[in-house]
Structure formats: C-alpha cells, structure tokens
Amino acid sequence: MAGRAHMSLALLYGAAGSHPASWLHRGSRLAPPTDLAAYTNVARTAERGLFDLFFIADTPAARTDNLHAWSRFPLFMNVLEPVTLLTALAGATTRIGLGGTVSTSFSEPYNVARQFASLDHLSGGRAAWNVVTSANDYAARNFGHAKLAPHADRYRRAGEFVDVVRQLWDSWDDGAFVLDRDSGLYFDPTTQHPVHHQGTFFKVDGALNIARSPQGHPVIIAAGASDTGQDLAARTAEVVFSSNPSLDDAKRFTDGLKARMAKFGREPSELKVLAGLPIVLAETDAEAADDYARLQELVHPDVGRFRLGMDLETDLSDLPLDQPIPEDRIPKSANFHKGFFDDILRLIQDGKPTLRDVYLRYERGRKTITGGPKRIADLMEEWFAGGAADGFMLQFHIMPRGLDLFVDRVVPELQRRGLMRTAYAGATLRDHMGLQRPDRGARIPQPSE
C-alpha cells in the first residue's frame, strides 16, 4: 500500500459538544444522546468531510454519587453501548471508519474479538477498537470490585487481553469459508487455527466462530500517557490518541512513542498518532472567542470543582473557590488518567492560582483552540508539518455547528494546501490511514522483548 501525504482526521462524538457546558450553549443542539438520528447525521457529515474515523468514547458505568454536580455535567449518564451504536451506523455510512471503546478490565477477549470482527464484516472493513483499562471506580463497582486494580496490574491484563484477541482474529485463514456446493464443502477444515492460551489472566482454548474479517484485524487504538501505557501502545496499537497541550510537548511525545517501537520489532510507520484538538470554530476569530468565553461562563462552580477533583483523584467539594488548593489535598500519584493528573499538577504549580482559576485554566489548558477557519487550518498545518502528530482527534465544543463549519470551510482549505485527501482512495479504515493489513499468524511482539 502506498504511503500517504495527508493528515488523518478522527471525530470524537459529543451530542451537544465536548465542553462541560456545551449543552447549555444556545448554539448547540440539545437532543437525547440516545437519538440515533443525531449520530447518523453527524457521522454522515464527517464522512462528507472525508474523515478517517468516527469515534465513540465510553465507560461501562453511570455515576452514582455527587449527583448534584453530575446533573449539571451529564458525562456518560445517558449513552448507547458503543458496539451496538457503531453497528447501526455501519448501515448508515459507506466509507468512514467506526471506532469505539471497550474496556479490557471488565470484558473477556472472546467477546471483544467476536464483537469487533462482526462490526468489521458488517461495515466492510471499517472497525476500530479503542483499548482502555478504565479509569474510574464506578465501573469497578459494577463488576464486583470495590476499586480498580492497580495501574500496573490493569496494563498487564490489557497486554495479555490484546494478544489473545489478535490470536482469535486469526482463528481462520483468509478464504476459509469456501461455500462450495459442488464438493459439498462449506469451509476448508485445514484452515482453522484454534487458540490454546493459558496466561496470567486468561485461559482460552478454541476458535472464533466467524471468518477472518475484511481488515484481517480491526484497527487497534490506544492512549499512552503513562510509561506503562506507552509501552503497551508501542507494542500493540496502530492509532494512539495524545493530549499534549503544546506543539513541542506533542512532538516529544510522538517521537518518544515511535522510538519505543523498535524494541518490539515494529516500524514507526505502523503507528499513527492523532493529537486531541478541542475546537471552538466560528466564522471569525472574534466570534469564536466570544463563544468560548460564554462556554466558560456557563461552567457551574460545582461542575468545575468536581470535574477538577475527578481528574486530580481527590474530593475538592468542601474547598473554597477563591483560595489555592491546599498542598495536603493533592495526591502524590495517579491511578486513573495520568496525563490529565499531570496537567493539573502543572497548573497548580504555576503561581498561586485559586481553585476557580485552576478549573477554568484546566479547561482552556486542554489545548482548546478558538478561531475562524483560517486560524484552525494554520494551526493544524503547523502541528502536522512540524511532526507533532500524524493527524487529529477533533472535538467540537458546539455541535453540530462546529463540525458543519469545519467540513464546509476548513476541509477545503486543508485540501487546497495539499494536507487532506480530496476523495477516499480505498474502502477500509486501513486504506484511509495507510495501515497494512496484517498477515494471518504474524508474530506478536511480547513485553519482555
């Protein structure tokens, strides 16, 4: 497959937008997140814009405490199960990739292998699995645990989980199901390759009951903020989402992650890094700045305090808004989202900000970009040309207006600059992203290598 010279674009779906106050902004669409028509319209718009991937984030849990805050910031409180949703979208779209999150901490490899192989077949080769270990105790309690397992244990389980899934995806040779009426042979029995796995976390002895999928393996996505997470991504992932706030930080992350791949016998071209890019887009820079200022004003103090405490992994609900966070209330290390945790620590250490200052800066510090079409295109070109990322995971703070304007105004500008495709060149997500289709039975690099 020939290499590509354009950036990859993925869309992280948010019903009203990705800002915690998006649903309150008069410019966003207020609709139930269970409305399939809303997802369909957005996915088709992204496909019209020649995006590589439509992506759904998920956690297998509703929040069950601090409901006074969650009721103002309803994260994951009314959402569809991702694989079910993506299967419905497979029939409503034709080219765009379809990716979703399923946790390795609360699933079994056989189930996940079968789900995503099925999605790959039904979509004609457009499926992607986002490998996560989960990052909250709400999920743990739904599956019989008081708390999440320690970070290192979750990643060891995830590594073994991915290895087993990949073996299951190779249960059959390509073309195993011959459906030959003349010979009376439905499949060639020599083409089955059962998995015989007994490891630390899983024991699997059998074969997947579905043919090898159009992509061979659905695309594997990961995030890699921690050192352990980066090793897992360098060994197993084909797409990684990054959340670095500056071009220099992002380039260091991308270069460092791709350098890790050598010890697993992989080439940097086998991995695409997509930088998270939250955007407030309007016709002019001034209008976008006004929209963002309004969004920040709409963040309720309960939400700001609680959202910050969630990622800092501590309870801030009793602290005054206009005083600094006491040092003894700041944890020493992270067990959930290490990247977000580290971002907050940097903000706390920058001067003597109040709690209110920190939560507002934290929202802006997640690299939120405001601007008109040209400013957004300029920034994307700077990051892409500078080697900070192979593309972007776009999040629009005001939906669907932001996406519509991006497709109508930014995409043509990127195309004019030679940074984006003008048509899909292939049918599968691997085609879109320039990723090779894996051979059946290809060697899986191991952590000890």
Side-chain angles (χ1 to χ4, degrees), residues 10-49 51 53-93 96-103 106 115 119 122-123 127-128 130 132 134-136 138-139 142 278-281 291-292 294-300 302-304 306-307 310 363 393-407:
L11 173 68
L12 176 57
Y13 180 86
S18 55
H19 190 278
S22 290
W23 72 279
L24 295 169
H25 194 285
R26 296 294 181 182
S28 67
R29 181 177 185 271
L30 190 59
T34 52
D35 180 3
L36 180 59
Y39 289 97
T40 300
N41 291 337
V42 168
R44 286 174 173 168
T45 300
E47 187 169 67
R48 178 168 63 85
F51 278 53
L53 179 68
F54 176 91
F55 179 74
I56 299 293
D58 187 61
T59 186
R63 278 56 174 146
T64 54
D65 54 17
N66 296 300
L67 293 183
H68 67 286
W70 286 118
S71 67
R72 300 179 184 277
F73 171 46
L75 182 66
F76 299 125
M77 293 298 279
N78 181 25
V79 293
L80 296 170
E81 190 280 318
V83 180
T84 306
L85 169 60
L86 294 173
T87 302
L89 293 177
T93 56
I96 194 167
L98 302 168
T101 297
V102 174
S103 175
F106 309 113
Q115 286 175 309
L119 177 60
L122 293 171
S123 65
N130 181 37
V132 302
S134 293
N136 65 77
Y138 300 106
N142 282 341
I279 295 175
V280 179
L281 176 61
D291 279 338
Y292 187 65
R294 180 57 181 152
L295 283 169
Q296 291 288 76
E297 290 172 1
L298 290 170
V299 176
H300 193 280
D302 286 350
V303 174
F306 186 62
R307 181 171 165 81
M310 179 174 62
E363 201 55 57
M393 169 62 83
L394 299 175
Q395 307 167 57
F396 295 96
H397 279 348
I398 300 174
M399 283 286 285
R401 189 179 77 189
L403 175 63
D404 292 339
L405 188 56
F406 184 91
V407 169

Using a strict 4.0 Å threshold on nitrogen-to-oxygen distance, state whether E297 and R294 make a salt bridge.
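Looking at R294 together with E297, the answer is yes, because their closest N to O distance falls below 4.0 Å.
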If only atom types and distance count, is the side chain of [X] paired as donor or acceptor with the main-chain N or O of [Y] below 3.5 Å?
| X | Y | value |
| --- | --- | --- |
| T40 | L36 | yes |
| R44 | A92 | yes |
| E81 | V83 | yes |

Report yes if some heavy atom in the side chain of [X] is under 4.5 Å from a heavy atom in the side chain of [Y]; otherwise report no.
| X | Y | answer |
| --- | --- | --- |
| V407 | F51 | yes |
| R72 | L24 | no |
| F396 | L12 | no |
| I398 | L295 | yes |
| I56 | L85 | yes |

Between H397 and S22, does the side-chain hydrogen bond (donor to acceptor under 3.5 Å, both in side chains) criterion hold? Intermediate values first, please.
CA-CA 6 Å; H397 279 348; S22 290; 4.8 Å; no
Measure the spacing between [atom1] of [X] and [atom2] of [Y] and express it to the nearest 0.5 Å.
| X | Y | atom1 | atom2 | answer |
| --- | --- | --- | --- | --- |
| S28 | W23 | OG | CH2 | 9.5 Å |
| Y138 | T64 | OH | OG1 | 6.0 Å |
| T59 | N136 | OG1 | CG | 4.0 Å |
| Q115 | T87 | CD | OG1 | 8.5 Å |
| S123 | I96 | OG | CD1 | 12.0 Å |
| L403 | T45 | CG | OG1 | 5.5 Å |

Going by salt bridge (Lys or Arg N to Asp or Glu O under 4.0 Å), name the residues that satisfy it together with [X], two or more places apart in sequence or in a different chain.
| X | value |
| --- | --- |
| D291 | R401 |
| R48 | D408 |
| R29 | D35 |

Distance-only side-chain donor-acceptor flag, Q395 / H19, under 3.5 Å:
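Not at all, the side chains of Q395 and H19 share no donor-acceptor pair under 3.5 Å.
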Report the residues that fulfil side-chain hydrogen bond (donor to acceptor under 3.5 Å, both in side chains) with T34, sequence neighbours left out, ordered by chain and then residue number.
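Expected list: none.
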Not counting sequence neighbours, which residues clear side-chain hydrogen bond (donor to acceptor under 3.5 Å, both in side chains) with T101? List them please.
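If we apply the side-chain hydrogen bond (donor to acceptor under 3.5 Å, both in side chains) test to T101, skipping adjacent residues, the hits are N130.
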How far apart are the C-alpha atoms of F54 and V42, what are their side-chain angles, what is the distance that settles it, and do they pass the side-chain contact (heavy atoms from CB on, under 4.5 Å) test?
CA-CA 9 Å; F54 176 91; V42 168; 3.9 Å; yes
Under the side-chain contact (heavy atoms from CB on, under 4.5 Å) rule, collect the residues that match up with N41, sequence neighbours excluded.
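For N41, no residue satisfies side-chain contact (heavy atoms from CB on, under 4.5 Å) once neighbours in sequence are set aside.
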Measure centre to centre between the rings of Y39 and Y13, then say whether the value is under 6.0 Å.
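Yes, the ring centres sit under 6.0 Å apart.
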Exercise: identify the closest heavy-atom pair between [X] and [Y]:
| X | Y | value |
| --- | --- | --- |
| G100 | L86 | N-CD1, 3.5 Å |
| V303 | P20 | CG1-CB, 4.2 Å |
| A128 | L53 | CB-CD1, 4.3 Å |
| L11 | A46 | CD2-CB, 4.1 Å |
| N142 | P60 | ND2-O, 3.0 Å |

V102 and D58: CA distance, side-chain angles, deciding distance, side-chain contact (heavy atoms from CB on, under 4.5 Å) verdict
CA-CA 7 Å; V102 174; D58 187 61; over 6 Å; no
Could you go through M77 and L67, starting from their C-alpha distance and side-chain angles, then the distance that decides it, and tell me whether this counts as side-chain contact (heavy atoms from CB on, under 4.5 Å)?
CA-CA 10 Å; M77 293 298 279; L67 293 183; 4.1 Å; yes
